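Have a look at the structure below before the remarks.
Order of listing sets the numbers, starting from 1, for every ligand and every atom in it. On a predicted model such as this, the values are computed, not experimentally measured, just so you know.
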Amino acid sequence: MAINLLILAGTIEATRLAKEISDAGVNAILSYAGRVERVKPQPLPKRVGGFGGVAGLCDYIEGSAITHVIDATHPFAIQMSRNAVDSCAHLKVPLLALSRPPWTVQRGDSWIRVDSISAAVDWLQIPARRVMLAVGRMHIYEFSLQPQHRYLLRLVDPPTSDIPLSNFESIISRGPFTIENDIALLQSHKIELLVSKNSGGTGARSKIDAARYLGLPVIMINRPELNRERQEVEDISEALQWLFHGAQNLGV
Ligand code: NAP
């Protein structure tokens, strides 16, 4: 049976995987939630928007004759990942997660670990600081509960009236970011504290390295638990191995 792959996307890993899959001449489609206005051009066809929960994803997989699913979403896109596990288990369609390892503390880091966005908001019940908020656009509103701070946002799309903060400045950039530039960014905005998800990977790492270099504390939000069993790899080469040669050869 010919492979017809669904890639759940929205990350740099999905973009890299798409290139390899396209080069290999495999039938595949990339799926995006539609959170970002300007999606980078991709070498594979794409679809945009939610499927409609587990039932909708099952319908999509069946209707599009998908043979394999690779979940290359962000580690905090937990609902999509759970839906993928449940749908693929129901339909007995092979599923693999292409995941990034979380960041771990290094010498010189000053991390305050919290388990959720709301715990980070609670922690910020302190006198006014200049805070870089690296939590993604969808969660910014929660920080309006701590309006005493001056927030710096780095956004992919320009801000509209949807930013529910009264005291913020924003820069528009989708990277790639470098430690040198992020040190300069944190210094020029006189940032005293960074709030970040533990996204892992290299794409968003430079701000963490920059904070260490400058001795700044980081409120690090731990990853949510998947609470599901699934096969997971970290390298694209392993994902290709799984796709072309089957899970039994992967040793996972
Ligand atoms: P989420 O909370 O897990 O997903 C909520 C709903 O959005 C899902 O149930 C699904 O809707 C839809 N959805 C999510 N990812 C999708 C995809 N790749 N294709 C089609 N529908 C998708 O996800 P999220 O945290 O809002 O993240 C949304 C997207 O942004 C993901 O693709 C993720 O990779 C990317 N992203 C997220 C973060 C982050 O920090 N969360 C950071 C960078 C990139 P239905 O139930 O209707 O199918």
(message) Using a strict threshold of under 4.0 Å (side-chain N to carboxylate O), is an ion pair present between Arg100 and Glu13?
(response)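 Yes, Glu13 and Arg100 are salt-bridged.
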
(request) I would like to know whether Asp115 and Asn222 meet side chain to side chain donor-acceptor pair (under 3.5 Å); could you show each step before the answer? (result) CA-CA 5 Å; Asp115 279 332; Asn222 294 329; 2.8 Å; yes

(request) Sequence neighbours left out, what pairs pass ring pair (Phe, Tyr, Trp, His ring centres under 6.0 Å) with at least one residue falling in residues 142-168? (result) His149-Tyr151

(request) Run through ligand 1 for me and note each protein residue having a heavy atom under 4.0 Å from it, chain first, then residue number. (result)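 The answer is Ala9, Gly10, Thr11, Ser31, Tyr32, Ala33, Arg35, Arg47, Gly49, Gly50, Phe51, Gly52, Gly53, Thr73, His74, Phe76, Ala77, Ile78, Gln79, Met80, Asn83, Lys197, counting any residue whose heavy atom sits under 4.0 Å from ligand 1.
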
(request) To the nearest 0.5 Å, tell me how far Ile3 CD1 sits from Ile66 CD1. (result)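 Reported value, rounded in 0.5 Å steps: 12.0 Å.
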
(request) Mark yes or no: Arg47 above the aromatic ring of Phe51, with NZ or CZ under 6.0 Å from the six-membered ring centre and no more than 45 degrees from the axis. (result)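 Yes, cation above the ring, under 6.0 Å and within 45°.
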
(message) For a quick check under 3.5 Å, do Ser99 and Glu234 share a side-chain donor-acceptor pair by atom type?
(response) no

